[in-house]
Amino acid sequence: MNKLSIGLVAIAFSFGSVVASDVVRMGSEGAYPPYNFINDNNELDGFEREFGDLLCERAGLTCEWVINDWDTIIPNLVAGNYDTIMAGMSITEARSQVISFTQNYLPPDPSAYVALPGTDVSVITDGVIATQSNTVQSGVVADGSADLLEFPTPDETIAAVRNGEADAVLADKAYLNRFVQESGGQLVFLGDDIYPGAGVGMGVRQSDNELRETFDRVISEMKADGSLNELILKWFEGGIDTF
Amino acid sequence: MFSFCSDPSVLPQWQWFACYLTTGTHLAFYRSFLVVITLILLAAPAALLMGFAGAIAMRSHFTPLSWLGKGYTGLVRGVPDIVFFLFVPIAIGQGVEYVLHLINCPDWDQPVRQGSDFLVCREAKMPPVGSPAWVRDIYGFILALIAFALVFGAFVANTLYGAMNAVPRAQVETAEAYGMNRRQSFLHIVMPQMWVFALPGLSNIWMILIKATPLLFLLGIQDIVYWARELGGQKTSFYTYPHPDWRVWYFLAVLVFYLSLTWVSERFFEHLMNRFNRGQATADGERQRKGATA
């Protein structure tokens, strides 16, 4: 019985992956731990690396990772430099007009403000807030009353708070956590967490329906059998809800 | 790299640094210096060739050709470099794929542009589908090289055009009086003498070329600026070697690199200028002649 079901699964996979002979090129930013980062051995590491590799393995695809700057990550997907984006990218209305997303593989995750100790909470509404450009967080600040200060990379936003250029930084809490923990009290969380995103999904070209359906199917599978939750717990240490 | 690097958290300081500075990312950083130097060494002769062709075209008595030359230099010199660096690789990349698409897939029925997507058939992909990463890197590098050659070629063309015209008219007239045709007088009289007039302009362009190499970073090539920013940023304990914000030190290293590169080039151009002035009817050539006879 067991062998039979394995056989059926294997057949199902080989049907699902008509595109399998191609190498699927997976784009990521590589600067946003724990979502994705380049480790000291010059390899992409993090939750999305591990999860993406598992997805490809289960879909029977050969995948290869490509690092691209956050600011041009969508244009380069559209131009065909790679086939998917897995870079902690929240599914939003505006992005969905340019690319399509799979279902989310991370639930809506908290964003938080971080500032120097003693900063008044009122800076959230009338101070200068640093964010990475083109993120859901920068959208939140732009829509609010505080002044927005954007940077191309996430660690520049933290540096801006440290040197006083910005009053606080708004970013995913999972990213900020270790900066706060390891600052020796020089950085603290400010105010309440907010939930600006509708969950993180994998971006694909709008014309690439087959690829999107393949990944959608495997993501559903991994949600159902709990293996996705295991990975979320491993990388986010309980900072994010599971499915 | 070293055997003692297995647990960096307990290492004494000098060993920690020895390990830190030899991580995979640092080796990639060091390699990126070679990438930049390679680009300069390839882009300079390519731009010189482009410029020479451009200058000859500008001088041509065949009007459409001279328009082409003047149009090229006028266009490239009038548009910000950065726009060209972003435009040329994309335009060439898509252009090549489009041509391959027309050749390889004549019965393709879908439009190539669907909304913002640029879609060609599998056989038309450049580099070919399934190419390893290094082929893609080299392809990207070559596109960048073409962009550099195009942009700097226009400046070189203008400089050489000016230098050709700066060769005293009397010299060319003398050549003609000796019965040389246009081609001969250009090859034997103008060409050997124009370099001394072109050199100050060329050395300027060389310096600007060196300083323009960080634009590689814009084209998605991991150059030294990319790595300096990447390695310098604060690293939390997700990384094996956590450290605070060290960008200032990394950028200082990049600054020293560029400064020494331009310093060496300046010495080289001084030497070259000296060499080209020898026997020329320029003030410096005259000074050399008098120094030799005295």
Side-chain angles (χ1 to χ4, degrees), chain A residues 19 21-23 25 27 30-43 45-47 62 64-69 71-82 97-99 152-156 158-159 162-163 175-184 186 205-208 235, chain B residues 1 5 8 19-20 22-29 31 86 89-90 93-94 97 110-111 113-120 122 124-126 128-133 136-137 140 217-220 222 226-227 229-248:
Chain A
V19 283
S21 55
D22 287 2
V23 173
R25 293 168 48 82
Y32 208 55
Y35 296 82
N36 56 76
F37 61 100
I38 309 277
N39 68 18
D40 292 284
N41 295 322
N42 199 15
E43 286 158 355
D45 202 341
F47 164 74
T62 318
E64 142 187 305
W65 290 91
V66 183
I67 306 302
N68 197 92
D69 263 356
D71 271 342
T72 55
I73 205 162
I74 289 180
N76 278 332
L77 171 76
V78 172
N81 290 3
Y82 36 80
Q97 292 182 351
V98 189
I99 58 175
T153 63
D155 57 322
E156 285 168 292
I158 310 254
R162 283 186 192 275
N163 64 29
Y175 171 71
L176 294 172
N177 254 331
R178 293 226 182 169
F179 282 98
V180 173
Q181 279 167 24
E182 290 161 20
S183 68
Q186 285 175 19
R205 276 183 297 275
Q206 284 178 338
S207 47
D208 249 355
W235 283 102
Chain B
M1 185 71 141
C5 292
C19 296
Y20 172 69
T22 53
T23 56
T25 38
H26 275 86
L27 296 182
F29 178 47
R31 272 199 301 277
L86 291 175
I90 296 178
Q94 293 195 347
E97 288 192 345
Q110 290 165 33
R113 290 203 177 274
Q114 295 182 16
S116 52
D117 296 9
F118 178 81
L119 286 175
V120 291
R122 256 177 68 87
K125 282 274 178 206
M126 266 312 273
V129 175
S131 306
R136 289 171 182 281
D137 288 349
F217 171 60
L218 279 182
L219 303 176
Q222 298 181 346
Y226 167 86
W227 281 114
R229 195 180 73 172
E230 185 63 32
L231 293 170
Q234 187 190 357
K235 297 283 180 278
T236 55
S237 53
F238 281 113
Y239 297 85
T240 323
Y241 300 90
H243 62 74
D245 189 346
W246 282 351
R247 279 176 305 172
V248 66

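Just so it is clear: chains get the letters A, B, ... in the order the sequence lines come, proteins before strands, and each one is counted from 1.
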Name the option with the most non-hydrogen atom pairs under 4.5 Å to chain B; the candidates are N76(A), I38(A), N81(A).
-> I38(A)
If every non-hydrogen atom of F37(A) is compared with every non-hydrogen atom of Y239(B), which pair is closest and at what distance?
-> CB-OH, 3.3 Å
Does anything in residues 175-183 of chain A get under 4.5 Å of chain B by heavy atoms, and if so which residues?
-> R178(A), F179(A), E182(A)
Distance in Å, E230(B) CD paired with N42(A) CG, rounded so as to fall on 0.5 Å steps = 9.0 Å
Distance in Å, R136(B) CZ paired with R25(A) CZ, rounded so as to fall on 0.5 Å steps | 3.5 Å
Measure across R229(B) and D69(A) and return the closest heavy-atom pair with its distance rounded to 0.1 Å.
-> NH2-OD1, 3.7 Å
Quick one: do Q222(B) and I67(A) satisfy side-chain contact (heavy atoms from CB on, under 4.5 Å)? Show the steps, please.
-> CA-CA 9 Å; Q222(B) 298 181 346; I67(A) 306 302; 4.0 Å; yes
Is there a side-chain contact between T23(B) and N41(A) (heavy atoms, below 4.5 Å)?
-> no
Would you mind telling me which of L77(A), D45(A), T153(A) has the largest number of heavy-atom pairs within less than 4.5 Å of chain B?
-> T153(A)
Determine the minimum heavy-atom distance between D40(A) and T240(B), stating which atoms define it.
-> OD2-N, 2.7 Å
Chain B contact via E43(A) - side chain, backbone, both or neither, heavy atoms under 4.5 Å | neither
Contact class of I99(A) relative to chain B, heavy atoms under 4.5 angstrom | neither
Please check if the side chain of D245(B) supplies one atom and the backbone of A159(A) the other of a donor-acceptor pair under 3.5 Å.
-> no
